[in-house]
Amino acid sequence: MPIRLHNTLTQQLEVFTPLHGNTVRMYTCGPTVYNFIHIGNLRTFTFQDILRRWLRYRGYALDHVMNITDVEDKIIASAARDHKTLAEYTAPYEQAFFEDCALLRLERPERVVKATDHILEMAEAVQTLKAKGCTYVSEGSTYFRIASFPEYGKLSHNNFDGIISGARVDVDEYDKADARDFVLWKARKGDEPFWHEPIGDGRPGWHIECSVMAMKYLGETLDIHAGGVDLIFPHHENEIAQSESITGKPFSRFWLHSEHLQIESQKMSKSLGNFYTLRDLFEKGFSPESIRFLLASVPYRKKLNFTFDGLKAAATAIERLRNFEDRLKTAKLPDQTAGAGAEELAARAAKAVAAFESSLDDDLNTAEALAAVFEFVRETNTTLDQDRFPEANRAGALNVLNVFDRIFDVLRPNEQVPGLRLDLLAQPESPVGLTDAEIERLIEARTAAKKARNFVRADELRAELVEKGILIEDTKDGVRWKRK
RNA sequence: GGCGCGGUAGCCAAGUGGUAAGGCAGAGGUCUGCAAAACCUUUAUUCAGCGGUUCGAAUCCGCUCCGCGCCUCCA
């Protein structure tokens, strides 16, 4: 079954295939590094990660470029306030961004590129636009004239004919010919950083960096361009105007946009005090896997209500899957079973994988994909309970989880991921560190006491273990334990 | 004013014409010396409301109510 994705350009679900061979050329708008990224940013980056993984699962190779915006008004203002250069100011946030991504298991794009490494190309692009008659200069700054691009508005489906009453048209300090014209190259101003280029002393406008870097690395027509819904207008609309004016070709075939999330049913905003970074959530004791699971569990085009109850529910759901995996790996299984045969059970696993796949093929319907997995877990647990799950089907069942985790990636706790800052995670209180051998010895003593029907002693030993953060599970296959 | 989205069980949330997925919480049960953990079962005659189309609607159409987004920096 083919992958179908919702294209903002056409407002429809379309079958996706790359333009050239097997490689998907994808560009995503990365962070502006003037602060730590927040949970809303992470929703978008998680969506892009799921998209990456699903495209690869379906056999495509990726050439994915993500930009880092490291020159921009807020950065300039903050750097000036702190008496730092742009690079001095942005470097720590850039590093923090990659740490956050690693903690959430977000795959690194094939190329991560910075705006300040492409100033020359941007200035050249502005020159090209000037030569094509798409620009004008006002007070030293160069603007893009949207009247030169008749298709302006085709992405956001805004109609700019005539006056839009009620809209707050902000004609700022610069003298723009049309309120919607946007700046390509800002004239040098005061003490602000600037570059000396033929187009003039100054710095690039925001939108031009994405057009330039995307086309430099991926060619004139991308397969996919993605970002948050807020970028549809004006950022992506402007990217289209610039890029297509330069090349005369479609800039991107697919435009994918992820919805915003809300916090406890409210808009996330600094003034409401519900503005969370990953670090904030770690301090509250939530794990990266819980956060990733919650962010991934709601299809990307739906608003996601991000709540602390939701995070707890996500943690419990992951625990259920981990328990299931553990059971599958360690259970003693019969060679022969009555009732449902190996073939039927194999078909059940195949059906679960097929349902998982078709859900994600359908515009990345992660909620439906999860349902397929949990249904399989329940069915298989039942069969295991009945001692009717044969050894021959073990691998097939584990494969369902492997397929699931290739995309969701929440079954393994964080460990040695390069660049991973485990120190940022809230450490669970483990008052006393018992070695495995010590734990085993205490459990053996308890088992012996139980056998001797000395339940007082057995309960003492159990209490001691619980106190030290060890969870005892008496199963019919013997005692299992795990650290809490 | 323009464009667009949404209102499904206590909470989160699939489903866009064929008779309500899944997760969490709750309740009951299995297991156990008792527990815990784990697992199982169960939980919406109903999909904001009112009309309409249809053999049949949560799904299509109209109206009403409520919430939200973009049109301005923003994931």
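When reading the values below, keep in mind they use all heavy atoms of this one structure, side chains included, and skip hydrogens, waters and symmetry mates. By convention in this document, chain letters (A, B, ...) are assigned in the order of the sequence lines, proteins followed by strands, and residues within each chain are numbered from 1.
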Worksheet item: Does A:Asp459 make a side-chain donor-acceptor contact with the base of B:G33, cut-off 3.5 Å?
Response: yes
Item to complete: Please tell me which of the listed nucleotides, B:G15, B:C39, B:A75, lies nearest to the side chain of A:Thr44?
Response: B:A75
Worksheet entry | Distance test, side-chain N/O of A:Asn305 to OP1/OP2 of B:C12, below 4.0 Å | yes
Discussion item. Under a 3.5 Å distance rule, please check whether A:Arg203 uses its side chain to pair with a backbone N or O of A:Phe194 as donor and acceptor.
Written reply: no
Practice prompt. Select one nucleotide: of B:G33, B:C39, B:A35, the one nearest the side-chain heavy atoms of A:Asp474.
Written response: B:A35
Fill in: Nucleotide opposite B:A58 in a Watson-Crick or G-U pair, distances under 3.5 Å
none
Discussion item. Using the side-chain heavy atoms of A:Asp385, tell me which of these nucleotides is nearest: B:C40, B:C24, B:A75.
Written reply: B:C40
Practice prompt. Keeping the roles fixed (side chain from A:Ser211, backbone from A:Ile208), state whether a donor-acceptor pair exists under 3.5 Å.
Written response: no
Worksheet item: Taking the six-membered ring for Trp, does A:Phe374 stack with B:G22 (centroid gap under 5.5 Å, planes within less than 30°)?
Response: no
Worksheet entry | Phosphate contact (B:A35 OP1 or OP2) by A:Lys450 side-chain N/O below 4.0 Å | no
Worksheet item: Below 3.5 Å, does any donor atom in the side chain of A:Arg462 face an acceptor in the base of B:C34, or the other way round?
Response: yes
Discussion item. With the six-membered base ring of B:G69 as reference, does the ring of A:His260 sit under 5.5 Å away with planes under 30° apart?
Written reply: no
Response to the item:
Checking B:C40, B:A38, B:A14 against the side chain of A:Asn323 (C-beta onward), the nearest is B:A38
Worksheet item: More than 12 foreign heavy atoms under 6.0 Å from NZ of A:Lys351: is that the case here?
Response: no
Item to complete: Please answer whether the main-chain N or O of A:Phe36 pairs with a side-chain N or O of A:Thr277 as donor and acceptor at a distance below 3.5 Å.
Response: no
Worksheet item: Quick one: are A:Leu42 and A:Leu106 in side-chain contact, heavy atoms under 4.5 Å?
Response: yes
Worksheet item: So, is A:Arg320 near the phosphate of B:A38, with a side-chain N or O under 4.0 Å from OP1 or OP2?
Response: no
Worksheet item: When you measure from the side chain of A:Glu368, which nucleotide among B:G15, B:C68, B:A37 comes out closest?
Response: B:G15
Discussion item. Can you identify which nucleotide, out of B:A21, B:G33, B:A75, has its nearest atom closest to the A:Arg446 side chain?
Written reply: B:G33
Worksheet, complete the sentence: Among B:A21, B:C74, B:C71, the one nearest any side-chain atom of A:Arg180 is B:C71
Worksheet, complete the sentence: Of the listed B:C40, B:A13, B:C12, the closest approach to the A:Arg378 side chain comes from B:C40
